[in-house]
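Worth saying up front: this structure is predicted, and the values here are computed from it rather than measured.
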Amino acid sequence: MLARRLGDLLEKNRLATTPHVQECLGELEKDPKKRLARLLVDKGYVDERKLIDFFTVQYSMPAIDLSNFEVNPDLVAKLTPQFCSNNFIIPIGIKGDTVVIATADPTEHTVFDQIRFALKLRPEPVLAPASQIKSLLEKIVGVPIDQVTKDLSAGELSEGSIEEASDDSGGGNELDGEDAAPIVKFVAAVLTDAIRKRASDIHIEPYENDLRVRVRVDGDLVDSVKPPAQIKKPLVARIKVMSKMRLDERRVPQDGRIRFRLPEGKTVDFRVSTCPTVYGEKVVIRILDKSAAVISLDKLGFEPEDQEKFLKAIKSPWGMALVTGATGSGKTTTLYAALNSLNTVDVNISTIEDPVEYNFAGINQCQVHEQVGFTFAGALKSFLRQDPDIILLGEIRDTETASIAMKAALTGHMVLSTLHTNDAPATLARLKDLQIEPFLINSALKAVVAQKLVRGICKNCKDVDDKLTKDDLIKLGFPEKVLDKFKPMRGKGCPACRNTGCVGRKAVHEVLEMTENIRNAFGRGASTDEIKKIAVADGMKTMKTNTMKKIMRGEVPADELQSVGDDQ
């Protein structure tokens with residue numbers, strides 16, 4: 001028997017003890033579908049990495065790190081995700097008549113015979129940890145969250161038991177814990193599933209006789225799972241425990257943070273917000289995946305000319321640069337990228353944020369605490385006594401903050417901040433609404449970057465969009481002279497993009513540089529429309545124009561042009 005022979009080898013090499021091997025062999029007799037190696041790892045009897053090292057020597061087989069690997073979903077589909085999951089294998093590439101198969105257990109030779117028959121290719125096995133193989137499969141087909149949901153038993157759920165089941169850190173990966181309470185496994189599955197789907201937010205919404213869990217993927221909310229309505233209170237309680245919130249407070253909103261470890265070992269932070277509703281507390285969880293955070297301006301999708309204008313503004317010894325846009329449009333990411341380009345040993349950078357989303361070395365980051373009086377305005381006053389060169393202000397929310405920020409920008413500091421406006425020219429009127437004198441705005445403001453997010457085309461199923469005619473493109477705003485220079489592209493839909501044709505989002509920008517013409521017009525009370533016309537005449541490319549450039553390059557579908565508005 002292969003399992004018994006493997007057990008003897010593990011005992012001989014002192015990787016497992018005899019009692020542990022005998023225990024797992026006993027389970028195999030009851031369920032032959034299980035694997036000895038996987039049982040020993042799952043129970044914590046054998047270290048997964050040491051097991052891979054053992055297999056490498058024993059079978060003269062190379063090992064591979066899959067932590068940053070991309071797999072073709074169509075190749076997995078040919079073997080079926082279920083087959084891959086049951087046997088802890090995943091196809092990672094084709095070389096001629098050979099398919100490279102990552103496996104966590106090279107002892108199961110019949111599996112490779114099945115692969116040879118299914119793909120009509122010669123399998124070439126390489127070793128990889130089962131946790132990495134599982135994570136790659138989850139990225140393609142998702143977490144088995146439906147099964148976890150079925151395991152929920154209303155009779156076992158109570159807020160007290162949840163609090164006892166939680167660990168001190170509120171983190172870790174409890175998805176695979178055999179002894180974990182069903183609600184603990186369910187929350188872990190929801191978090192993991194959202195990450196695998198590349199979601200930005202998780203929305204847990206209670207209703208009178210219903211409970212809804214949705215995730216936001218590429219800007220759109222989609223259903224994640226349908227849990228039983230009776231777990232409303234236990235579910236929120238579990239999340240509160242993980243977020244270190246007060247369990248006994250349900251009347252007012254609360255904020256917290258979760259640090260969660262995925263099966264492959266990567267840690268992801270979540271920002272959690274609760275809000276009382278008529279039928280219970282609504283929870284919104286924002287995913288702060290540091291590994292997915294873009295911190296280079298070159299990777300933010302700026303057009304070269306616009307990036308040059310923005311860099312010129314933020315590298316000024318003093319003044320103000322603003323990033324504007326709707327909530328969730330990536331303003332914070334752009335500000336962090338700007339700071340990353342300015343963060344050198346000879347510069348003192350301080351930030352005041354609400355909340356601090358990502359931590360960066362060499363930057364002094366402060367968190368707003370309005371309950372104790374530490375506000376944006378209060379922090380700014382404190383910063384000015386600490387001789388900063390660059391100040392990042394999370395958001396200009398009121399007249400006091402705006403006034404102090406303007407004065408700081410005029411007294412030898414570079415101030416970066418955000419506002420909520422739809423386009424760059426409207427920012428001047430918004431500052432004026434905050435009772436900032438036009439002469440101060442003209443003196444301090446260097447540039448405004450407005451941005452929105454549009455959906456990107458899936459690279460796996462990208463093809464020419466034959467449905468769009470030239471008349472359609474003209475109606476969208478494309479000039480006739482460019483129609484023969486490009487073909488609009490779209491995604492046909494495939495497993496990698498959940499058959500939507502789109503994967504990820506791209507930022508489109510417009511950068512308003514405070515030219516002399518704009519200052520003169522604003523000083524004499526020109527309207528926002530007039531300022532926009534002057535800015536375009538002075539070289540500003542609108543978001544619509546820059547979106548058209550991305551469409552012509554085949555980066556985004558043509559229908560995304562409607563989401564950025566019109567130039568008029």
Under 4.0 Å between a Lys/Arg side-chain N and an Asp/Glu carboxylate O for Arg116 and Asp113?
yes
Which atom pair, heavy atoms only, marks the closest approach of Gly93 to Leu75?
N-CD2, 4.1 Å
Output, in order, the C-alpha distance, side-chain angles, deciding distance and verdict of side-chain contact (heavy atoms from CB on, under 4.5 Å) for Leu392 and Ile363.
CA-CA 10 Å; Leu392 184 147; Ile363 297 177; over 6 Å; no
Hey, are Lys95 and Glu124 close enough for a salt bridge, meaning a charged N less than 4.0 Å from a carboxylate O?
yes
When you look at NZ of Lys549, are more than 12 heavy atoms from neighbouring residues, nucleotides or ligands closer to it than 6.0 Å?
yes
Measure the shortest side-chain to side-chain distance between Pro91 and Cys84 over non-hydrogen atoms and say whether it is less than 4.5 angstrom.
yes
Where do Ile115 and Ile101 land on the side-chain contact (heavy atoms from CB on, under 4.5 Å) test, with the steps shown first?
CA-CA 9 Å; Ile115 293 171; Ile101 303 289; 4.0 Å; yes
Atom pair CG/CZ of Asp105 and Phe88 - distance to nearest 0.5 Å:
9.5 Å
Phe310 to Val511 - nearest heavy-atom pair and separation:
N-CG1, 4.4 Å
Checking Lys120 against Phe117: charged group under 6.0 Å from the ring centre and within 45 degrees of the axis?
yes
Can you see which heavy atom on Leu300 is nearest to which on His509, and at what distance?
O-CE1, 3.2 Å
Between Thr547 and Glu560, do the side chains contain a donor N or O and an acceptor N or O under 3.5 Å apart?
no
So Ile92 and Ile64, do their side chains get closer than 4.5 Å, heavy atoms only?
yes
Any side-chain donor-acceptor pair under 3.5 Å between Thr17 and Glu11?
no
Side chain of Lys299, backbone of Ala337: donor and acceptor closer than 3.5 Å?
no
What is the distance from atom NZ of Lys331 to atom CG of Leu453, rounded to the nearest 0.5 Å?
9.5 Å
Could you point out which residue of Thr333, Val508, Asn546, Val323 forms a side-chain contact (heavy atoms from CB on, under 4.5 Å) with Gln451?
Val323
Answer whether the closest heavy-atom distance between the side chains of Leu393 and Glu395 falls below 4.5 Å.
no
Write down the atom of Leu311, the atom of Ser341, and the distance for their closest heavy-atom approach.
CD2-OG, 4.2 Å
Using 4.0 Å as the upper bound for N to carboxylate O, is an ion pair formed by Asp193 and Lys197?
yes
Does a donor on one side chain sit under 3.5 Å from an acceptor on the other, for Gln114 and Asn87?
no
Close side-chain approach of Ile195 and Thr192, heavy atoms under 4.5 Å
no
Set out, in order, the CA-CA distance, both residues' side-chain angles and the distance that settles side-chain contact (heavy atoms from CB on, under 4.5 Å) for Val187 and Ile239, then state yes or no.
CA-CA 7 Å; Val187 172; Ile239 293 170; 4.3 Å; yes
To the nearest 0.5 Å, atom CG of Asp201 lies from atom CZ of Arg214 at 11.5 Å
Step by step, work out the side-chain contact (heavy atoms from CB on, under 4.5 Å) result for Met61 and Thr56.
CA-CA 5 Å; Met61 194 178 293; Thr56 300; 5.9 Å; no
For the residue pair Phe260 and Phe270, categorise the inter-ring angle as parallel (less than 30°), tilted (30 to 60°) or perpendicular (more than 60°).
perpendicular
Salt-bridge contact Asp218-Arg505 (side-chain N to carboxylate O under 4.0 Å)
no
Would you check if Lys134 and Leu137 make a side-chain contact, meaning some heavy-atom pair closer than 4.5 Å?
no
Between Asn13 (side chain) and Leu15 (backbone), is there a donor-acceptor pair under 3.5 Å?
no
Does Glu308, at its CD atom, have more than 12 non-hydrogen atoms belonging to other residues, nucleotides or ligands within less than 6.0 Å?
no
Quick one: does any side-chain atom of Thr274 pair with a main-chain N or O of Gln254 as donor and acceptor, under 3.5 Å?
yes
Which side-chain N or O atoms in residues 347-355 pair as donor and acceptor under 3.5 Å with protein atoms at least two apart or in another chain?
from, atom 1, to, atom 2, distance (Å)
Asn348, OD1, Asn364, ND2, 3.3
Asn348, ND2, Asp387, O, 3.1
Thr351, OG1, Glu353, OE2, 2.7
Glu353, OE1, Tyr336, OH, 2.2
Glu353, OE2, Gln365, NE2, 3.1
Asp354, OD1, Gln367, NE2, 3.3
Asp354, OD2, Arg397, NH2, 3.3

How close do Ser563 and Val454 get, heavy atom to heavy atom, and via which atoms?
OG-CG1, 3.8 Å
If the threshold is 4.0 Å, N to carboxylate O, is there a salt bridge linking Glu303 and Lys309?
no
Please confirm whether the backbone N or O of Ile457 pairs with a side-chain atom of Glu555, one donor and one acceptor, at under 3.5 Å?
no
Less than 4.5 Å apart, any side-chain heavy atom of Arg553 and any of Lys550?
yes
In this structure, CZ of Arg212 is separated from NZ of Lys282 (nearest 0.5 Å) by 10.0 Å
Between Arg122 and Val99, is any pair of side-chain heavy atoms under 4.5 Å apart?
no
Distance from Leu235 atom CG to Arg238 atom CZ, nearest 0.5 Å?
10.5 Å
Sidechain-backbone polar pair: Thr334 side chain, Gly330 backbone, donor-acceptor under 3.5 Å
yes
Hey, what do you get for OG (Ser417) to CD1 (Ile391), rounding to the nearest 0.5 Å?
10.5 Å
Donor-acceptor contact below 3.5 Å, side chain Ser224 vs main chain Val213:
no
Between Arg490 and Asp559, does any NZ, NE, NH1 or NH2 come within less than 4.0 Å of an OD or OE carboxylate oxygen?
no
Do Val449 and Asp306 make a side-chain contact, defined as non-hydrogen atoms from C-beta onward lying under 4.5 Å apart?
no
